[in-house]
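First the structure, in the form of structure tokens, and then the observations on it.
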Amino acid sequence: MKARLTYVFDAYCGWCYGFGPAIRDFAAANAGRIELDVVSGGLFTGARVAPIGTMPYVADANARIAELTGAEFGPGYRALVADGRFEMDSTAAAAGFAALRAAAPGQALAAAEAMQRAFYFDGLSLSEASTYRHIAGLLGLAADDVLTAFNARTGAAQDFTRAARLGVTAYPTLLLHTATGVLRLGGPAATATQLTAALDRHLASVSL
């Protein structure tokens, strides 16, 4: 029986962007023995949706993420930070991710990575339909179907509720489901090798 895992991320989370290559390589290395669900969290919702210029910690956080994970923040994104007016809306991003995931469930992790690169490298808004047309093209998906689902704005609330029920309050979070609950694997700066080692340890000691 395959181990069941859930990855909770937020497309506007810089640490999730840095974690992207590790979770991608971990999933590929363990494809034969895990089932991985990808769920959006709600980092910037309600009153937390504000201009990026009002978040003075962003520059220092990005420097730390780059140092620990090797993530590269591209010119498009850096221009958004310098301008300061852009607002990160996790509800819109989660609706976009749900639309991409519905179009190709097997590419959910690739969709998450593509969204984060679109924002953190290219500086594209994850609230705009044009961004999802672009990502659909990259993933070989039917763009019109993705945009129809995105415009319906469904999926975000369900993901946020699921993340909350799992007790997730920070991102990225990778969880292993066991007979007695969920266990967290690794942290935001963990490598694919470290995640695999953590999975091995937990599988040796728990009942799925």
Side-chain angles (χ1 to χ4, degrees), residues 6-21 23-24 27-28 35-53 55 58 71-81 83-166 168 171-173:
T6 298
Y7 172 48
V8 186
F9 87 112
D10 189 286
Y12 282 125
C13 165
W15 284 103
C16 296
Y17 176 57
F19 187 63
I23 184 66
R24 178 194 64 213
E35 292 180 354
L36 179 66
D37 290 332
V38 186
V39 175
S40 287
L43 184 57
F44 296 103
T45 60
R48 290 178 61 88
V49 179
I52 199 169
M55 305 173 188
V58 166
E72 181 181 0
F73 295 88
Y77 169 74
R78 294 198 302 272
L80 288 182
V81 174
D83 178 79
R85 292 176 294 176
F86 183 80
E87 295 186 350
M88 295 179 288
D89 182 350
S90 292
T91 301
F97 175 68
L100 292 166
R101 184 181 58 198
Q107 295 190 67
L109 199 56
E113 187 171 18
M115 286 179 65
Q116 294 216 276
R117 181 170 177 83
F119 176 63
Y120 279 106
F121 195 86
D122 299 323
L124 301 180
S125 171
L126 301 181
S127 295
E128 298 295 330
S130 58
T131 300
Y132 297 100
R133 182 174 293 281
H134 167 70
I135 294 172
L138 293 177
L139 298 177
L141 306 180
D144 288 345
D145 292 344
V146 170
L147 295 185
T148 296
F150 171 64
N151 290 329
R153 289 297 198 271
T154 58
Q158 293 93 325
D159 271 22
F160 293 168
T161 297
R162 185 175 176 191
R165 287 176 176 168
L166 290 169
V168 176
Y171 318 100
T173 293

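Every heavy atom of this structure was used, including side-chain atoms; hydrogens, water molecules and symmetry mates were not. As the structure is a computational prediction, the values presented were derived from the model and not from experiment.
Judged purely by atom type and a 3.5 angstrom limit, Tyr171 uses its side chain to pair as donor or acceptor with the backbone of Gly42. With hydrogens and angles disregarded, a donor-acceptor distance shorter than 3.5 Å links the side chain of Asp10 to the backbone of Leu43.
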Query raised in the report: Under the side-chain contact (heavy atoms from CB on, under 4.5 Å) criterion, do Val81 and Phe73 qualify, and how do the steps go?
Result: CA-CA 11 Å; Val81 174; Phe73 295 88; over 6 Å; no
Query - Intermediate values then yes/no, side-chain contact (heavy atoms from CB on, under 4.5 Å), Phe160 and Val39 - result: CA-CA 8 Å; Phe160 293 168; Val39 175; over 6 Å; no
Requested in this report: Using the side-chain contact (heavy atoms from CB on, under 4.5 Å) rule, take Phe44 and Glu87 through it: C-alpha gap first, then chi angles, then the decisive distance, then the call.
Outcome: CA-CA 9 Å; Phe44 296 103; Glu87 295 186 350; over 6 Å; no
Requested in this report: Please lay out, stage by stage, how Val58 and Ile52 fare under the test side-chain contact (heavy atoms from CB on, under 4.5 Å).
Outcome: CA-CA 8 Å; Val58 166; Ile52 199 169; 4.3 Å; yes
Query raised in the report: Could you go step by step and tell me if Tyr77 and Phe119 meet the ring pair (Phe, Tyr, Trp, His ring centres under 6.0 Å) rule?
Result: CA-CA 6 Å; Tyr77 169 74; Phe119 176 63; 5.2 Å; yes
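Distance check: Ser125 OG to Leu80 CG gives 8.5 Å after rounding to the nearest 0.5 Å. The distance from the CG atom of Leu141 to the CZ atom of Arg133 is 12.0 Å, given to the nearest 0.5 Å. Here the CG atom belonging to Asp159 is positioned 11.0 Å from the OG1 atom belonging to Thr91, to the nearest 0.5 angstrom. A distance of 5.5 Å separates CD1 in Ile23 from CG in Leu36, rounded to the nearest 0.5 Å. To the nearest 0.5 Å, atoms CZ (Phe19) and OG1 (Thr173) are separated by 9.0 Å. Atom-to-atom distance recorded for Gln107:CD and Leu100:CG is 9.5 Å, nearest 0.5 angstrom.
Under the side chain to side chain contact (heavy atoms under 4.5 Å, CB included) criterion, Ala152 pairs with Thr154, not counting sequence neighbours. For the salt bridge (charged side-chain N to carboxylate O under 4.0 Å, His left out) test, residues two or more places apart in sequence or in another chain that qualify with Arg85 are Asp83. Looking at residues two or more places apart in sequence or on another chain, you find a salt bridge (charged side-chain N to carboxylate O under 4.0 Å, His left out) between Arg24 and Glu113.
A pairwise comparison of heavy atoms in Ser127 and Tyr12 identifies N-OH, 4.0 Å as the closest pair. Across all non-hydrogen atoms, the minimal contact from Asn151 to Ala129 is OD1-CB, 4.5 Å. Of all non-hydrogen atoms in Gly41 and Ser90, the two that sit nearest each other are O-CB, 4.3 Å. Here the closest non-hydrogen pair linking Ile135 and Ala118 is CD1-CB, 4.2 Å. Considering every non-hydrogen atom in both Ala71 and Gly18, the closest pair reads CB-CA, 3.9 Å. Residues Ala103 and Val146 share a closest heavy-atom pair of CB-CG2, 3.9 Å.
Residues Pro51 and Phe86 are not in side-chain contact: their nearest non-hydrogen atoms beyond the backbone lie 4.5 Å or more apart. Using a 4.5 Å heavy-atom threshold, the side chains of Leu126 and Gln116 count as separate. You'll find the side chain of Arg101 stays beyond 4.5 Å of the side chain of Asp37, heavy atoms only. Side-chain contact between Met88 and Arg48 is absent, with no heavy-atom pair separated by less than 4.5 Å. Arg162 is listed as a side-chain neighbour of Thr6, based on a closest heavy-atom distance under 4.5 Å.
The aromatic rings of Tyr17 and Tyr120 sit parallel, their planes meeting at an angle under 30°, below the 60° perpendicular limit.
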